[in-house]
Amino acid sequence: MEPPFDIRDKALAARWRDWQPPAAGIGRKDNNKDAPAFSLADFDPGKKPFSLGDKATDKAAVQDLAAELDGLQNLFYADRRFKLLVLLQGTDTSGKDGTVRGVFGQTSPLGVRAVGWKAPTETERAHDYLWRIHAQVPAAGETVVFNRSHYEDVLVPVVQGWITPEQHAQRLAHINDFERMLAETGTVIVKFMLHISKDEQRERLQARLDDPAKHWKFEMGDIAARKQWDDYQRAYATLLAATHTPWAPWTIVPADSKTHRNLMIATVLREVLRNLDLRYPEGDPALAHFTIE
């Protein structure tokens, strides 16, 4: 199956490419050969490249896109030729839950489910790290949204020093092979990295502390991870550059604006689904002239 990532709208395709990691071996956007090959600092989390002008217009567009995605998802479920895996990856408070609500909130539950990934259980740790992931990938006609994903296994263990550089490189290769296998057997994989600034994260964490109704969302582990912000940014840059592939591309979503985040993700998903040339299956010819009495 050819990946459906060649967007027909050339202007939209160009904007999308601007928010994807560079291909392997390509330098930074400033072409500084002495700088690291890729850095998230090259992508401003406060930008709004998919905005239609103002917040009210963008909010209305998100509502329209969500409704359109509902129709496309129903057709996708009926078609049954494909499977869709949507990955939402990002730091704490980057908006993964909000994306699920904002983009898929109007979607019929028929054939759509979200999977939230936590630390592996004892049973899961007794297997290879992709074992639990493979068990949750979509079936024919199904859409699955991963809230976090197998990329946690090349983030936390790397930052905490739990695996060696050799094991890190091995895992990145495993993931590319795993995703290629899924793509070659009918799974369309669309990966979004929700990119927020450190200042925006501070405000969102403080908002959880200030609102008693949001205390349940706050964990001290978020503060520990925040102290390692630069380490996590480097780990993200490494995985993005290593696993941005033709069969499973990454989109870096500037996500300081929640509305723009949803608008950008919904727009990309709509275009990908449109490119699949979805169709309803042919009915039984014997029913052509059947009448219910």
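Side chains are part of it too, since the values below use all heavy atoms of this structure and drop only hydrogens, waters and symmetry mates.
Between the side chains of W250 and T243, at least one donor-acceptor pair of N or O atoms lies under 3.5 Å.
Ion pairing between R274 and E68 holds under the 4.0 Å rule for side-chain N and carboxylate O. Look at E122 and R125 and you find no salt bridge, because none of the NZ, NE, NH1 or NH2 atoms lies under 4.0 Å from a carboxylate O. Under a 4.0 Å N-O distance rule, the pair R15/D18 does not qualify as a salt bridge. D92 has a carboxylate O that lies under 4.0 Å from a charged side-chain N of R148, or vice versa, which qualifies the two as a salt bridge. Between R234 and D231 a salt bridge is recorded (basic side-chain N to carboxylate O distance below 4.0 Å).
Checked by atom type and distance alone, the side chain of T91 never pairs as donor or acceptor with a backbone atom of S94 at under 3.5 Å.
Ring to ring, F178 and H134 are close: their centroids are under 6.0 angstrom apart.
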Distance-only donor-acceptor pairs under 3.5 Å for side chains of residues 260-268, two or more places apart:
residue: H260; atom: ND1; partner: P254; partner atom: O; Å: 3.4
residue: H260; atom: NE2; partner: F50; partner atom: N; Å: 3.0
residue: R261; atom: NE; partner: T99; partner atom: OG1; Å: 3.0
residue: T267; atom: OG1; partner: L263; partner atom: O; Å: 2.7

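Figure legend: cation-pi geometry between R80 and Y77, with NZ or CZ positioned under 6.0 Å from the six-membered ring centre and within 45° of its axis.
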Verdict with reasoning, N275 to D6, per side-chain hydrogen bond (donor to acceptor under 3.5 Å, both in side chains): CA-CA 8 Å; N275 271 2; D6 293 330; over 6 Å; no

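The aromatic rings of F146 and H150 sit perpendicular to each other, their planes meeting at more than 60°, with 30° as the lower class boundary.
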